Amino acid sequence: MTEHYQHRARKRFGQNFLHDAGVIHRILRAIYARPTERLLEIGPGQGALTEGLLASGAHLDVVELDLDLIPLLKHKFDSNPNFTLHQGDALKFDFASLNPPPHSLRVVGNLPYNISTPLIFHLLEHASLIRDMHFMLQKEVVERLAATPGGGDWGRLSIMVQYHCQVEHLFNVGSGAFKPAPKVDSAIVRLVPHETLPHPAKDHRQLERVVREAFNQRRKTLRNTLKALLSSDAIEAANVDGSLRPEQLDLAAFVRLADKLCEQTSAE
Ligand code: SAM
């Protein structure tokens with residue numbers, strides 16, 4: 001790289017650049033991109049993953065917010081006809097504008113940690129376009145995404161993401177793999193949107209409502225936390241034990257509660 005392109009990592013853009021070749025290689029192997037595929041990378045930074053993704057021969061769109069990184073990305077990759085650069089905020093990016101066939105888009109990113117959760121929710125609005133997503137996230141967030149009922153990690157994030165996707169915690173990455181090194185450990189997660197939802201809710205907004213309300217006070221029983229939405233009888237009628245705490249309920253049970261709420265709302 002020439003002097004001209006030296007870049008100082010910016011905290012406000014969550015910039016921790018990958019520099020460990022072994023880790024980069026392991027991520028690329030997990031993604032295993034093929035020439036005919038459509039890839040989308042969020043936050044390419046200085047191109048640590050971009051280079052290997054393009055080497056697969058796949059078509060790659062990238063979305064980068066930091067204006068200062070644009071010349072560097074152009075310099076490195078613009079000569080490749082498979083590369084398309086979008087400068088802007090991934091949280092506002094219209095993924096449908098890429099026009100991918102259903103279930104085809106493969107999304108990749110070593111995400112800025114401050115936007116990772118809202119970005120995943122934004123992407124899930126377009127879940128039907130996406131084949132899979134591979135993200136580097138804070139390890140703790142990956143543990144919540146991949147959690148199972150009964151433990152402290154099981155909550156709103158696990159349920160709403162598992163409603164749409166199969167989740168796989170692939171491997172952990174120590175902070176030494178980045179420059180500058182973040183204060184937390186990281187992990188790679190694979191999210192694969194279901195082509196057919198295993199537990200479809202009648203109205204997915206009611207599912208969000210029930211889950212949010214239930215986990216507002218996760219130490220209380222469902223009968224208590226859901227009082228404003230569902231009576232004890234309605235909870236029993238959904239085949240859910242109201243004396244349980246929210247973290248003891250699986251996704252299917254939350255969907256039954258949401259459907260009960262739906263019936264109740266339409267009867268009003
Ligand atoms: N992919 C590079 C790597 O692995 O070395 C950079 C990873 S760095 C953790 C996150 C990248 O996301 C930075 O390049 C940052 O500028 C970019 N970024 C931050 N917020 C963004 C946003 N809202 N939309 C798109 N890119 C963003």
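In each ligand, atom 1 is the first atom listed, and ligand 1 is the first ligand listed. Computed from a prediction, not measured in an experiment: that's the story for all the values here.
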K.L.:
With distance as the sole criterion, is a donor-acceptor pair present between the side chains of Asp241 and Ser243 under 3.5 Å?
P.N.:
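Yes, side-chain donor-acceptor contact under 3.5 Å.
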
K.L.:
Ring centroid separation for Phe95 and His122, is it under 6.0 angstrom?
P.N.:
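Yes: the rings meet the under 6.0 Å criterion.
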
K.L.:
For atom 14 (O) of ligand 1, what is the nearest protein heavy atom, given as residue, atom name and distance?
P.N.:
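Answer, as residue, atom name and distance: Glu64 OE1, 2.8 Å.
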
K.L.:
Short N/O distance, under 3.5 Å, between Gln46 and ligand 1?
P.N.:
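N/O-N/O distance under 3.5 Å: no.
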
K.L.:
Less than 4.0 Å is my threshold; does some heavy atom of Gln15 fall inside it relative to ligand 1?
P.N.:
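Checking ligand 1 against Gln15, which is what was asked, there is a heavy-atom contact under 4.0 Å.
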
K.L.:
In this structure, is the centre-to-centre distance between the rings of Phe178 and His19 below 6.0 Å?
P.N.:
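For His19 and Phe178, the ring centres are not under 6.0 Å apart.
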
K.L.:
How about His86 and Leu98: do any of their side-chain heavy atoms sit closer than 4.5 Å?
P.N.:
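Touching, per the 4.5 Å side-chain cut-off.
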
K.L.:
Have Glu41 and Thr50 got a donor and an acceptor in their side chains that come within less than 3.5 Å?
P.N.:
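Result is yes, a qualifying pair exists.
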
K.L.:
Compare every heavy atom of Asp259 with every heavy atom of Lys202, then report the nearest pair and how far apart it is.
P.N.:
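Nearest pair, atom of Lys202 first, then Asp259: N-OD1, 2.8 Å.
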
K.L.:
Could you check atom 20 (N) of ligand 1 against the protein and tell me its nearest heavy-atom contact, residue, atom and distance included?
P.N.:
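Protein heavy atom at minimum distance: Pro112 CG, 3.5 Å.
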
K.L.:
Going by the order shown, which atoms of ligand 1 are within less than 4.0 Å of some heavy atom of Asp89?
P.N.:
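That gives atoms 22 (C), 23 (N), 24 (N) of ligand 1.
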
K.L.:
Would you say Leu91 contacts ligand 1, with heavy atoms under 4.0 Å as the rule?
P.N.:
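For ligand 1, residue contact (heavy atoms, under 4.0 Å) with Leu91 is absent.
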
K.L.:
Which atoms from ligand 1 have a heavy atom of Asn16 less than 4.0 Å away?
P.N.:
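It comes down to these atoms of ligand 1: 7 (C), 8 (S), 9 (C).
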
K.L.:
Would Leu18 count as being in polar contact with ligand 1, using the rule that some N or O on each side must be under 3.5 angstrom apart?
P.N.:
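Yes, Leu18 has an N/O under 3.5 Å of an N/O on ligand 1.
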
K.L.:
Which heavy atom of the protein is the closest neighbour of atom 8 (S) of ligand 1, given with residue, atom name and distance?
P.N.:
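Of every protein heavy atom, Gly14 O, 3.6 Å lies nearest to atom 8 (S) of ligand 1.
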
K.L.:
Between His194 and His103, is the gap from one ring center to the other below 6.0 Å?
P.N.:
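Not under 6.0 Å, so no.
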
K.L.:
Between Gln15 and His7, does any side-chain donor sit less than 3.5 Å from a side-chain acceptor?
P.N.:
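A pair is found: one side chain offers a donor N or O, the other an acceptor, under 3.5 Å apart.
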
K.L.:
Do Arg209 and Leu229 come close enough that some side-chain heavy atom pair is under 4.5 Å?
P.N.:
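In contact.
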
K.L.:
Would you mind running through ligand 1 and noting each atom that sits below 4.0 Å from a heavy atom of Leu69?
P.N.:
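Matching atoms, with element in brackets: 14 (O).
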
K.L.:
Please state which protein non-hydrogen atom is closest to atom 2 (C) of ligand 1 and give its distance, to 0.1 Å?
P.N.:
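Result: Pro44 O, 3.3 Å.
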
K.L.:
Going by heavy atoms, is Gly88 under 4.0 Å from ligand 1?
P.N.:
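Within the 4.0 Å threshold, so yes.
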
K.L.:
A side-chain contact here means heavy atoms from C-beta on lying under 4.5 Å apart; do Leu49 and Met136 qualify?
P.N.:
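A side-chain contact under 4.5 Å is absent here.
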
K.L.:
Which of the atoms in ligand 1, numbered in the order shown and given with their element, are less than 4.0 Å from a heavy-atom of Ile115?
P.N.:
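Those atoms are 22 (C), 23 (N).
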
K.L.:
Numbering the atoms of ligand 1 from 1, which are under 4.0 Å from a heavy atom of Asp66?
P.N.:
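Here the atoms of ligand 1 in question are 16 (O).
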
K.L.:
Which of the numbered atoms in ligand 1 are under 4.0 angstrom from any heavy atom belonging to Glu41?
P.N.:
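Ligand 1 atoms under the 4.0 Å threshold to Glu41: 1 (N).
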
K.L.:
In ligand 1, which numbered atoms sit nearer than 4.0 Å to a non-hydrogen atom of Ala90?
P.N.:
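Matching atoms, with element in brackets: 22 (C), 23 (N), 24 (N), 25 (C).
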
K.L.:
Could you list which atoms of ligand 1 come closer than 4.0 Å to a heavy atom of Val63?
P.N.:
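Checking each atom against Val63, I get 25 (C), 26 (N).
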
K.L.:
Determine whether Leu222 and Pro246 make a side-chain contact, defined as any pair of heavy atoms from C-beta on separated by less than 4.5 Å.
P.N.:
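They are in contact (side-chain heavy atoms under 4.5 Å apart), so the answer is yes.
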
K.L.:
Taking Lys260 first and then Glu263, would you say they form a salt bridge - that is, a charged N and a carboxylate O separated by under 4.0 Å?
P.N.:
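Salt bridge present between Lys260 and Glu263.
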
K.L.:
For atom 25 (C) of ligand 1, which candidate among Leu65, Asn110, Leu49, Thr50 provides the closest heavy atom?
P.N.:
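Heavy atom nearest to atom 25 (C) of ligand 1 belongs to Leu65.
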
K.L.:
Do me a favour and list the nearest non-hydrogen protein atom to atom 19 (C) of ligand 1 with residue, atom name and distance?
P.N.:
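Residue, atom and distance for the closest contact: Phe13 O, 3.1 Å.
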
K.L.:
For atom 12 (O) of ligand 1, what's the nearest protein heavy-atom neighbour? Residue, atom name and distance, please.
P.N.:
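For this ligand atom, the closest protein heavy atom is Gly43 CA, 3.3 Å.
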
